[in-house]
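A short worksheet on the structure shown next.
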Amino acid sequence: MLQALINKGKVIAQKVPNPVVSKGCVLIKVHHSCISAGTEMSSVKSSDASIVDRIIKNPEYIKKGINYLKEEGVKKLIEKVKGSSTIGSPTGYSVSGTVVEIGEGVTNFVVGEKVAAAGAGIANHSEFVDVPVNLVMRVPQNLDLKLASTVTLGGIAMQGVRRSNVTFGEFVVVVGAGILGLITIQLLKLSGVRVISIDLDDNRLNLAKEYGSELVINPNHQNSIEFIENYTSGFGADAVIFTAATNSSSALSDSFKMLKKKGRLILVGVVGMDIKREDIYVKELDFQISTSYGPGRYDRNYEEKGLDYPYSYVRWTENRNMSEYLRLLSTNQVNIAKMINASFPIEKVGDAYDFLRSSTPRPLMVLLEYKHREQDEKLIFVNTVARIKNDKIKVAIVGTGSFATGMHLPNLKKLNNKFEIHAICSRTPSKAQSVALQYNAKYSTANIDEILNDVEVDLIMICTRHDSHAELVIKSLLSGKNVFVEKPLAISQTELNKIKFFYEENNSNAPSLFVGYNRRFSKYLKEIESVSNNRIGPLFINYRMNAGYAPNDSWIHDDGGRIIGEACHVIDVMNFLTKSKIASISCESFSDIDSKYSSKDNKSFILKYEDGSVCTIGYFSCGNKSVSKELLEVHFDGNSLIMDDYKSLKSYGVKINEISTVNSQKGQLEELEDIYEYLSGKTNRLPIELEDLFQTTEISFLLS
């Protein structure tokens, strides 16, 4: 399919793999998408800035970069920056089309239905989009899909009006007569409000007058503050809705001065935020932010998981706002036809953006049209490469999150004499293609079946979200593929039982399973094991994991939580060092107190093994981030070994190779080397035995 991608100041229509429908989502064949002259043109402009310029404008990048540099080193940081600019980034956030496929759990849409969809990074300028159900709105039958593609802009305007809480007869100033401003004017007029519009463009002010403004002001020709004060009998406006985009703080100051005492300003657009106390204090003004499309925006539970807010308690969610906007369009109570300046086919998206950039007078809105070609519907990106040697293991990567792109792919590239990156699969087609190009993969796809049916694939590496791991493992194993899955292996006993059952049924002829419990492969753990293997008595082990604070609504607590998702690493270390079966488990956690630190990720475990070893794990989020993340103490037979954050190892009472490295060396590369040794037949010993994999996973269930 074709998708618009921004890179280095240009927008091109790039062929990328088709997306597949996800759980809780709707797959939409896009007919039209709307380009906003403001938001999207600024994204194009910023994409042409150098890395230095971006850092200057976004100083928080410096801190992130330094932290990444400390953890992963210069080479990994360069790879990360390079990967982010290989192909470009998707753009667009407002589309209309028809439903072509329904995801699991979706019951309120049917195939063939007319819909509109919203969401930056989701409802992109693309021939097909996979959109979570709460960001999809049904389009009234009599409404042209061309008009419905503006749904997101309508939702933003409507939320700004709702935040203003205006009533009949009030004076409301709309600053900015762009798309948002012109829609806002019409919504206010429907609410019985007396509208005053301000803009520097007389053409847009003429439209504002046509759409219902009883007064229009161009600050280049009139003193807007005095004019409004006189027009409102000396009182000032009841409210200002600021829909313009400017870096100037003076525009905000002027807006405050237009208001009556106890008036309110609603910020919908963008403005300089140097606020003067005297502008708001004397009049006791209210300053409010309108967040995009309405309640639910930026709430993962609402937008990604489809958990709606109760109608009785939250009357106007973002979905209901946008649905109401579509209704008003269908009844001609809101009219946007005159705002649409041009329409371009997706193939000429670059021309569309050039038109927005250079035309005079300034265009308001441009639409993209999509005329689908049936032969493209199963298109996958193919990157021709030289014939692969038989002694390399061909790897297909499923999932292109930060750990896959920042860790596994660079390591596979480093081991290019042993592995070949054969295919990339991601639910985000542009990301799949970008990664495939960067690592010279043969092809990219958004359809896992392409990978499962590819006879050339030797190993599938699963790097998706935790809740999909077990399902993808089973699918891959049933397809006869060897599997490497990032931890955790599963997030419930039911899921794990399915994997165990597969091996019980196929014990003599089954593909191999590897899990990303990498720490046991690090040079530090290998050195500790080489010494502790010769012990006489049991081990006494303390392991501290200073995990760091994560807000309670963070995704990191989902899909099994942090114990199943991260503390499993430490459990595997204990299994590795003791080489024994678990005998008993005990666990204590924070009491439920009024604190931001949760009992879910502040726990202490004691694992007792059959060989008599006692292992204590402290996993907590309430520590200071200046303290190293992981500290391991191993005590036995009068000896002590201390490993700090996989950066240093010291011994007391026994002689070892005292290791020290600048960066944490946690064994990810070494694990891949061991997997190669096994799959290539150079060793008959699995890197981690199935029994160990299952024991680690089951212990994590008991402790979570």
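With sequence neighbours left out, Glu698 forms a salt bridge (charged side-chain N to carboxylate O under 4.0 Å, His left out) with Lys500. With sequence neighbours excluded, no residue satisfies salt bridge (charged side-chain N to carboxylate O under 4.0 Å, His left out) with Lys650. Under the salt bridge (charged side-chain N to carboxylate O under 4.0 Å, His left out) criterion, Asp644 pairs with no residue, sequence neighbours left out. Under the ring-ring contact (aromatic ring centres under 6.0 Å, His included) criterion, Phe514 pairs with no residue at all, not counting sequence neighbours. Residues satisfying the salt bridge (charged side-chain N to carboxylate O under 4.0 Å, His left out) criterion with Glu677, sequence neighbours excluded, are absent altogether. When the side-chain contact (heavy atoms from CB on, under 4.5 Å) test is applied to Ile556, the partners found at least two apart in sequence or on another chain are Ala550, Ser554, Arg562. The side-chain contact (heavy atoms from CB on, under 4.5 Å) search around Glu495 returns Ala470, Ala490, Ile491, Ser492, not counting sequence neighbours. Contacts of Gln668 classified as side-chain hydrogen bond (donor to acceptor under 3.5 Å, both in side chains), with partners at least two apart in sequence or in another chain: none. Partners of Tyr302 according to the ring-ring contact (aromatic ring centres under 6.0 Å, His included) rule, which considers only residues two or more places apart in sequence or in another chain, are Tyr309. Contacts of Tyr517 classified as ring-ring contact (aromatic ring centres under 6.0 Å, His included), with partners at least two apart in sequence or in another chain: none.
Among residues at least two apart or in separate chains, ring-ring contact (aromatic ring centres under 6.0 Å, His included) pairs with a member in residues 446-468 are His466-His469. Pairs engaging residues 479-501 under the ring-ring contact (aromatic ring centres under 6.0 Å, His included) rule: His408-Phe484 [sequence neighbours left out].
A centroid separation of 6.0 Å or more is found between the aromatic rings of Phe605 and Tyr619.
The residues Glu471 and Lys498 are annotated as not salt-bridged, no charged nitrogen and carboxylate oxygen being separated by less than 4.0 angstrom.
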Checking Asp454 against Tyr443 for the side-chain hydrogen bond (donor to acceptor under 3.5 Å, both in side chains) test, could you report, in this order, the C-alpha distance in whole Å, the side-chain angles of both residues, the deciding distance, and whether it holds?
CA-CA 11 Å; Asp454 187 342; Tyr443 66 90; 2.7 Å; yes
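Under the 30°/60° scheme for interplanar angles, the aromatic rings of Tyr543 and Tyr646 are found to be tilted.
For the pair Lys581 and Tyr609, the NZ or CZ position fails the cation-pi test of under 6.0 Å to the six-membered ring centre and within 45 degrees of the ring normal.
Among Asp553, Asp558, Asp559, the one residue that satisfies the salt bridge (charged side-chain N to carboxylate O under 4.0 Å, His left out) test with Arg300 is Asp558.
Between the Asp601 side chain and the Ser621 main chain, no donor and acceptor come within less than 3.5 Å of each other.
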